[in-house]
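One structure is given below, encoded as structure tokens.
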Amino acid sequence: MSIRDWPADEQPRAKLLEYGAGALSTAELLSVLLRTGVRGGSAVDLARDALVRFDGLRGLLEAELPRFCETRGLGEIRYVELQAALEVGRRYLAEGLKRGDALKNPKDTRRYLQACLRGHQREVFAALFLDNRHRVIGFEEL
């Protein structure tokens, strides 16, 4: 059954507009990005299947292109779109810290570094430059 045939209050896009992104499940959020499903299945079905196959959102977003494309309904274009969305999220987090927000505690620092370093397949040596008020000046992979 197509998502268009669902009741309006259950459709992911309408639900997002009405209640906000936090009201959607991970599969529903992913279906908004995927936009369409496959023959015989909706975008939500495709998203659920992908999340199961890759053991969650992190596994899906960190999958290599060949493995990603092995999944029915997922191809190079969807891979590129999801990688772009992931990078937009990373830059959003980094930009928030560059506007003067301080790294007030180890948890903030950990979150920032995880956002910067996520997706690397190997250990990376990096430098985080802070001013005397613990605001990020820069981040550089060495």
Side-chain angles (χ1 to χ4, degrees), residues 1-131 134-142:
M1 176 193 299
S2 171
I3 291 177
R4 291 184 201 129
D5 299 329
W6 294 8
D9 62 335
E10 292 181 21
Q11 296 175 7
R13 289 181 187 152
K15 202 171 165 182
L16 188 145
L17 290 171
E18 182 72 26
Y19 305 108
L24 275 66
S25 68
T26 303
E28 289 171 324
L29 281 171
L30 186 55
S31 75
V32 170
L33 294 173
L34 295 174
R35 294 185 318 274
T36 60
V38 293
R39 188 176 308 259
S42 68
V44 175
D45 295 331
L46 176 59
R48 284 186 189 130
D49 292 345
L51 291 170
V52 169
R53 177 173 168 79
F54 292 96
D55 296 322
L57 187 59
R58 184 174 185 167
L60 176 67
L61 295 175
E62 291 180 354
E64 296 292 327
L65 178 61
R67 181 163 181 252
F68 184 90
C69 292
E70 289 173 358
T71 305
R72 180 175 173 253
L74 300 180
E76 192 172 282
I77 291 171
R78 287 190 169 163
Y79 179 84
V80 168
E81 291 171 342
L82 290 178
Q83 291 302 308
L86 180 61
E87 185 59 25
V88 166
R90 282 186 188 125
R91 291 180 187 193
Y92 172 77
L93 290 174
E95 189 176 294
L97 289 170
K98 286 181 183 175
R99 282 188 279 165
D101 294 342
L103 296 175
K104 297 176 184 152
N105 55 51
K107 186 177 178 181
D108 289 345
T109 307
R110 180 176 182 227
R111 253 187 310 175
Y112 178 79
L113 291 172
Q114 282 178 326
C116 292
L117 297 171
R118 180 159 301 181
H120 287 288
Q121 300 301 319
R122 298 174 187 224
E123 189 172 306
V124 175
F125 187 80
L128 179 62
F129 302 97
L130 305 174
D131 68 9
H134 302 281
R135 293 179 298 201
V136 176
I137 297 170
F139 174 82
E140 187 176 335
E141 290 182 27
L142 306 171

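Counting begins at 1 with the first residue of the sequence. Atoms considered below: every heavy atom in the structure, side chains included; atoms not considered: hydrogens, waters and symmetry mates.
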Review point. Under the 3.5 angstrom rule, does the side chain of Gln83 hit a backbone N or O of Leu61 as a donor-acceptor pair?
Key: yes

Side chains of [X] and [Y] in contact at under 4.5 Å (non-hydrogen atoms):
X	Y	value
Arg53	Asp49	no
Val44	Leu34	no
Glu81	Leu33	no
Leu30	Leu82	yes
Val38	Arg72	yes
Arg35	Arg13	yes
Lys15	Glu28	yes
Leu29	Pro12	no

Check your understanding: Could you give the distance from CG (Leu74) to SG (Cys69), rounded to the nearest 0.5 Å?
Key ->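 Atom-to-atom, Leu74:CG and Cys69:SG are 8.0 Å apart.
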
Exercise for review: Look up atom CG in Leu117 and atom CZ in Arg90, then write down how far apart they are to the nearest 0.5 Å.
Suggested key: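 Leu117 CG to Arg90 CZ: 9.5 Å, rounded to 0.5 Å.
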
Taking side-chain hydrogen bond (donor to acceptor under 3.5 Å, both in side chains) as the definition, give me every residue that meets it alongside [X], ordered by chain and number, with sequence neighbours left out.
X	value
Arg58	Glu62
Thr36	Arg78
Asp55	none
Arg111	Asp108

Review point. Given the rule in the side-chain contact (heavy atoms from CB on, under 4.5 Å) test, do Val32 and Leu24 qualify, once you have shown the distances and angles that lead to the verdict?
Key: CA-CA 10 Å; Val32 170; Leu24 275 66; 4.2 Å; yes

Exercise for review: Using the side-chain contact (heavy atoms from CB on, under 4.5 Å) rule, take Glu140 and Phe129 through it: C-alpha gap first, then chi angles, then the decisive distance, then the call.
Suggested key: CA-CA 8 Å; Glu140 187 176 335; Phe129 302 97; 4.0 Å; yes

Heavy-atom count around [X] [atom1] within 6.0 Å, excluding the residue itself: above 12?
X	atom1	result
Glu76	CD	no
Leu17	CG	yes
Arg67	CZ	yes

Exercise for review: Applying side-chain contact (heavy atoms from CB on, under 4.5 Å), run through Ile137 and Leu128 and close with a yes or a no.
Suggested key: CA-CA 8 Å; Ile137 297 170; Leu128 179 62; over 6 Å; no

Point to revise | Pairing residues for Phe54 by the ring-ring contact (aromatic ring centres under 6.0 Å, His included) criterion, not counting sequence neighbours | key: none

Check your understanding: Looking at residues at least two apart in the chain, or sitting in another chain, which of them share a ring-ring contact (aromatic ring centres under 6.0 Å, His included) with Phe68?
Key ->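 Scan of Phe68 (ring-ring contact (aromatic ring centres under 6.0 Å, His included), adjacent residues dropped) gives Tyr79.
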
**Study point:** Full working for side-chain contact (heavy atoms from CB on, under 4.5 Å) between Leu51 and Thr26
**Key:** CA-CA 9 Å; Leu51 291 170; Thr26 303; 3.9 Å; yes

Check your understanding: Looking at Ala127 and Leu142, what are the two nearest heavy atoms and their distance?
Key ->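 In terms of heavy atoms, the two residues are closest at CB-CD1, 3.9 Å.
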
